[in-house]
**Student:** 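To start, I am sharing the structure in question, which I have written as structure tokens.
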Number of protein chains: 2
Amino acid sequence: MKAAERRASILAVAKILFADCGYHGVSVDQIAQRLGVSPAVLYQHFASKEALYEAVLNEIACRRESYVEAALAGDDDFAGVLLRMTRVYVDSVVEDPDYLKIEMQALLEDARLAQQFFDARWKSFTDFIEVSMREQTTGINFSQVNPRIASLMFQGMLREALYAKCIYQAEQYRDLSAQDLVEQLIRLFLNAIEYRQ
Amino acid sequence: MKAAERRASILAVAKILFADCGYHGVSVDQIAQRLGVSPAVLYQHFASKEALYEAVLNEIACRRESYVEAALAGDDDFAGVLLRMTRVYVDSVVEDPDYLKIEMQALLEDARLAQQFFDARWKSFTDFIEVSMREQTTGINFSQVNPRIASLMFQGMLREALYAKCIYQAEQYRDLSAQDLVEQLIRLFLNAIEYRQ
DNA sequence: AACATATAAGTGAACGTTTACTAACATAGT
DNA sequence: ACTATGTTAGTAAACGTTCACTTATATGTT
């Protein structure tokens with residue numbers, strides 16, 4: 001197997017295992033075994049276990065989602081844009097929940113890394129919400145509501161919904177798809193900030 | 001040191017370390033060292049590292065908060081009760097954020113344990129919200145809103161706020177106490193479910 | 001085309017360290 | 001003297017990492 005290919009395959013397997021068990025929960029031998037390869041191979045591509053872990057995190061943090069394109073893809077009222085952005089995000093998580101797991105692991109293990117994740121994956125949302133709520137040109141009056149706290153609420157409910165659906169698979173929401181669940185939550189959120197079309 | 005006292009001291013130290021680094025991130029030797037005691041002592045009180053970990057988790061899961069007393073401690077309109085219950089919870093987390101960290105660790109490592117935590121610490125909230133929203137006798141009409149999704153929203157925003165304030169200490173909310181932050185979130189939540197006193 | 005050479009890719013065993021855990025021995029209070 | 005509470009010194013296994021070595025692929029020369 002070519003070097004680039006091998007490197008990618010190591011990253012893919014490592015991502016899954018790290019997401020499931022955390023950094024300390026996985027051994028280099030386990031990763032190698034899952035790859036069907038000797039542990040020494042890993043060290044031809046990564047200097048250490050820690051370097052491998054950071055490479056996995058980096059790959060995730062750098063994969064900027066196509067929120068912006070989604071935001072510009074239709075009409076530009078606040079609710080419509082928010083819904084479209086969120087759909088893109090939910091899709092990406094449903095497709096690969098490991099991202100969310102590792103984000104959570106990082107949040108617990110290292111505050112610095114957590115900030116990096118936040119910047120890459122949540123800032124688009126919270127910025128959009130805060131900016132939209134602050135600008136007066138829309139004609140909508142959000143003055144009753146603190147934009148920063150509203151964006152915190154949005155982030156929290158979205159994250160909880162995705163945890164429930166994609167990570168600990170709560171039975172309570174079995175009969176609802178992640179997209180439907182989030183759509184209803186967004187409706188509640190618009191209520192909360194007193195948004196009327 | 002008496003046995004009961006020693007046992008308690010082990011649990012206290014283990015709780016802190018497990019909360020910070022997770023089960024695999026802490027060694028028995030580290031716990032013993034922090035206690036200023038030989039590792040063998042731990043095995044006089046706990047059969048294994050895992051047994052110790054479970055004892056820590058169990059202590060947390062079993063410590064039922066005094067939500068019910070708080071709920072009954074004043075007038076009984078929905079918002080008032082919810083606010084009082086939440087204050088008790090926020091207080092307990094602010095006082096000891098390790099609880100929240102370990103809950104998060106458990107959620108990632110073991111779905112079964114996560115369910116146990118949920119039952120002990122969140123179910124009171126979500127049940128209260130769902131039941132209150134469903135009963136017609138209050139005269140309030142929540143019919144527009146799905147109670148289950150509303151309770152998910154509440155849980156998510158509360159959890160996010162507490163993470164931000166108590167775990168990764170986000171600078172965005174530095175000038176707000178956890179209680180104030182949560183109070184504003186609850187106001188938003190009441191908006192969301194269209195509650196008017 | 002045939003061979004020699006160089007490099008890339010992978011192996012498996014071993015290294016030293018750390019891990020969880022245990023048995024044998026010491027000391028203090030009652 | 002006896003029990004409760006320790007310690008010291010150890011175990012075997014697992015850990016991350018490195019080693020000497022083999023096989024496969026590509027490249028250049030005749």
Side-chain angles (χ1 to χ4, degrees), chain A residues 1-60 98 101-102 105-106 108-110 112-113, chain B residues 1-60 98 101-102 105-106 108-110 112-113:
Chain A
M1 194 180 280
K2 287 275 172 193
E5 201 181 342
R6 176 94 292 168
R7 202 187 128 93
S9 78
I10 294 173
L11 278 173
V13 167
K15 192 193 70 186
I16 295 170
L17 291 178
F18 282 140
D20 273 347
C21 316
Y23 178 75
H24 295 288
V26 185
S27 73
V28 175
D29 286 4
Q30 277 177 297
I31 299 172
Q33 198 180 341
R34 186 96 141 214
L35 281 160
V37 129
S38 125
V41 172
L42 305 197
Y43 289 89
Q44 289 163 358
H45 300 272
F46 303 94
S48 64
K49 184 191 178 185
E50 210 176 330
L52 170 58
Y53 186 60
E54 283 187 16
V56 170
L57 293 183
N58 204 52
E59 198 199 28
I60 293 174
D98 288 334
K101 276 197 203 180
I102 290 201
Q105 304 268 12
L108 283 169
E109 292 193 359
D110 189 339
R112 204 192 77 256
L113 278 171
Chain B
M1 195 178 278
K2 289 276 173 190
E5 202 180 343
R6 176 95 294 167
R7 201 188 128 94
S9 78
I10 295 172
L11 278 173
V13 167
K15 192 191 68 184
I16 295 170
L17 290 178
F18 281 140
D20 273 348
C21 317
Y23 178 76
H24 295 287
V26 184
S27 73
V28 175
D29 287 8
Q30 278 177 295
I31 299 172
Q33 198 179 339
R34 186 97 141 213
L35 280 160
V37 128
S38 116
V41 172
L42 304 196
Y43 290 91
Q44 288 162 0
H45 300 271
F46 302 94
S48 65
K49 183 191 180 186
E50 208 177 329
L52 170 58
Y53 186 60
E54 282 189 15
V56 170
L57 294 182
N58 205 51
E59 199 199 29
I60 293 173
D98 288 335
K101 276 198 202 177
I102 291 202
Q105 304 269 11
L108 284 168
E109 293 194 356
D110 189 338
R112 206 192 77 256
L113 279 171

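Letters go in sequence order (proteins before strands), and every chain restarts at 1.
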**Student:** Between Ile31(A) and Val26(A), is any pair of side-chain heavy atoms under 4.5 Å apart?
**Tutor:** yes

**Student:** Is Gln44(A) atom CD crowded by more than 12 heavy atoms from other residues, nucleotides or ligands, each under 6.0 Å away?
**Tutor:** yes

**Student:** Of the listed nucleotides (dT17(D), dG10(C), dA9(C)), which one gets closest to any side-chain atom of Ser48(A)?
**Tutor:** dT17(D)

**Student:** Over how many whole Å does the gap from Leu42(A) atom CG to dC15(D) atom C1' extend?
**Tutor:** 14 Å

**Student:** Side-chain N or O of Tyr43(B) versus OP1/OP2 of dT22(C): is the shortest distance under 4.0 Å?
**Tutor:** no

**Student:** Within this structure, what is the CZ-to-P distance between Phe46(A) and dT18(D), rounded to whole angstrom?
**Tutor:** 15 Å

**Student:** Rounded to the nearest angstrom, tell me the gap between atom NZ in Lys2(A) and atom P in dT25(D).
**Tutor:** 10 Å

**Student:** Can you tell me if Arg6(B) touches the phosphate of dG6(D), counting only side-chain N or O atoms and a distance under 4.0 Å to OP1 or OP2?
**Tutor:** yes

**Student:** Using modelled atom types and a 3.5 Å cut-off, is there a donor and acceptor pairing between side-chain atoms of Glu54(A) and backbone atoms of Ala51(A)?
**Tutor:** no

**Student:** Output the distance between atom CG (Leu52(B)) and atom OG (Ser48(B)), rounded to the nearest 0.5 Å.
**Tutor:** 8.0 Å

**Student:** Picking from dC19(D), dC21(C), dG6(D), which would you name as closest to the side chain of His45(B)?
**Tutor:** dG6(D)

**Student:** Can you identify which nucleotide, out of dT5(D), dT8(D), dT17(D), has its nearest atom closest to the Ala3(B) side chain?
**Tutor:** dT5(D)

**Student:** Counting side-chain heavy atoms from CB outward, which of dG10(C), dC21(C), dT19(C) is closest to Ser27(B)?
**Tutor:** dT19(C)

**Student:** Rounding to an integer number of Å, can you tell me how far Gln44(A) CD sits from dT11(C) P?
**Tutor:** 9 Å

**Student:** dT19(C) P sits how many Å from Gln33(B) CD, rounded?
**Tutor:** 10 Å

**Student:** When the distance from CG of Asp29(B) to P of dA20(C) is rounded to whole Å, what number comes out?
**Tutor:** 7 Å

**Student:** Could you tell me the separation between the CD1 atom of Ile31(A) and the C1' atom of dA14(D), rounded to a whole number of Å?
**Tutor:** 15 Å

**Student:** When you measure from the side chain of Ala40(B), which nucleotide among dT11(C), dA20(C), dT8(D) comes out closest?
**Tutor:** dT8(D)

**Student:** Please report, rounded to the nearest Å, how far the P atom of dT25(D) is from the CD atom of Glu5(A).
**Tutor:** 13 Å

**Student:** Relative to Tyr23(A), does Lys49(A) satisfy both conditions: NZ or CZ under 6.0 angstrom from the six-membered ring centre, and within 45 degrees of the ring's axis?
**Tutor:** yes

**Student:** Nearest to the side chain of Lys49(B) - dA20(C), dA9(C), dT7(D)?
**Tutor:** dA20(C)

